[in-house]
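Take a look at the structure below.
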Protein chains: 2
Amino acid sequence: MYTIGEISKMFNLPIPTLRYYDKEGLLLELERDKSGIRKFNNQNIETLRLIECLKKSGMQIKDIKEFIGWCSLGDKTISKRKEMFLKQKENIENQIKELEKALAMIEFKCWYYEEAEKDGNEKRVKSITPNGLPENIKKLYENAH
Amino acid sequence: MYTIGEISKMFNLPIPTLRYYDKEGLLLELERDKSGIRKFNNQNIETLRLIECLKKSGMQIKDIKEFIGWCSLGDKTISKRKEMFLKQKENIENQIKELEKALAMIEFKCWYYEEAEKDGNEKRVKSITPNGLPENIKKLYENAH
DNA sequence: TCTTGACATAAAGTTAGCTTTAGGTATTAA
DNA sequence: TTAATACCTAAAGCTAACTTTATGTCAAGA
């Protein structure tokens, strides 16, 4: 069993944030001692790991809360939970794809400014890429349907 | 030359958002016609593509604004701009790594709930992974130093 | 006994990034 | 000529996810 201070260090999360998660219903099974002090067990730690993961993947607190609620309703919510994770898997895969597109643009910009730095100005490198971006990168950023 | 409505459709961004970017100083070179109506040129479109990319990679408006400011100061800010992109490249690479960790967890959960769904309950699959998570996934989420 | 440190609560405050509202102008179509 | 449409501004409002503040309890050490 751990105190909130220990968990705070373990997860590198401020104490008020942990209390906030508790208040929002993300830590349903959290016990208290006789004087009201929170006692975190291994279950709660697992839950926090999952919360961190879902937050990192862009899920909102209220949706995480909904999921936690399903968990406490037992076997009849298993399919819902599975669907939720399948959807979240897709979300993450899309986010990774988007970040890879952004990375291509940023890498081009790194190259561009390295050349410009060598020359002391942007003249030459600007003339090599007259429309601002090379075609392959431009295509990644075209939104027209 | 394009109107704000055309750009809104082109980028799939609400008109007020584009005006907000302009107000915040992200579109320094944006011209107006004699009656004050914004006229977007190809330069502005390039800038918007870059803004979208930087936003997607998690950069804040105020930092994007700072970068745009550097651009208008000419050659003496080339190194600064290069450094900015190098840092941003690292940021994106880290974000991708974090998302890949999250993905590993989510994929485990997908597997877990598929098994549970087959069985109609979590009993068996819980007994296969008694500590909540398999070791390899757990390790990804350990924050202790 | 007194003070220190770690815990507790409720409620107000903060920040980013929009979004909405209210009111006005200018051009075109009927 | 009127009505619709697309633009404009300033300012207020909104939401999520904390964070801070003010106040209080409790157990252990000097």
Nucleotides bounding contact with chain B, strand DNA chain D, heavy-atom threshold 4.0 Å: D:dC7 to D:dT9
Roughly how many Å is it from [atom1] in [X] to [atom2] in [N], rounded to a whole number?
X       : N      : atom1 : atom2 : value
B:Phe11 : C:dC18 : CZ    : P     : 14 Å
B:Lys62 : C:dT15 : NZ    : P     : 11 Å
B:Gln60 : C:dA16 : CD    : P     : 6 Å

Between [Y] and [X], is the closest basic N to carboxylate O distance under 4.0 Å?
X        : Y        : answer
B:Lys123 : B:Glu115 : no
A:Asp119 : A:Lys126 : no
A:Glu117 : B:Lys80  : no
A:Glu98  : A:Lys101 : yes
B:Glu93  : B:Lys89  : yes

What's the separation between atom [atom1] in [X] and atom [atom2] in [Y], rounded to the nearest 0.5 Å?
X       : Y        : atom1 : atom2 : answer
B:Leu30 : B:Asn44  : CG    : CG    : 5.0 Å
B:Ser57 : A:Ile106 : OG    : CD1   : 5.0 Å
B:Glu46 : B:Leu48  : CD    : CG    : 10.0 Å

If the cut-off is 4.0 Å, is B:Tyr21 near the phosphate of C:dC18, judged by side-chain N/O to OP1 or OP2? yes
Which is true for A:Glu24 with a 4.0 Å heavy-atom rule: it touches a base, it touches only sugar-phosphate, or it touches nothing? nothing
Its contact letters, B for base, S for sugar-phosphate only and - for none at protein heavy atoms under 4.0 Å, make nucleotides 6-11 of chain C read -SBB--
Residues forming a side chain to side chain contact (heavy atoms under 4.5 Å, CB included) with A:Lys87, sequence neighbours excluded: none
Going by the salt bridge (Lys or Arg N to Asp or Glu O under 4.0 Å) test, which pairs reach into residues 59-78 of chain A, not counting sequence neighbours? none
Considering the terminal five base pairs at each end of the helix from C:dT1-D:dA30 to C:dA30-D:dT1, what angle separates the two local helix axes, rounded to 10°? 10°
Minimum-distance pair of heavy atoms, taken over all atoms of B:Lys55 and B:Ile61: CD-CD1, 4.1 Å
Quick one, B:Glu52 with B:Lys56, criterion salt bridge (charged side-chain N to carboxylate O under 4.0 Å, His left out). Give me CA distance, side-chain angles, the key distance, then yes/no. CA-CA 6 Å; B:Glu52 285 289 89; B:Lys56 224 164 46 185; over 6 Å; no
What does the list of N/O pairs under 3.5 Å between the protein and nucleotides 20-22 of chain C look like, with a distance for each?
none

Is the NZ or CZ atom of B:Lys82 both under 6.0 Å from the centre of the six-membered ring of B:Phe85 and within 45° of that ring's axis? no
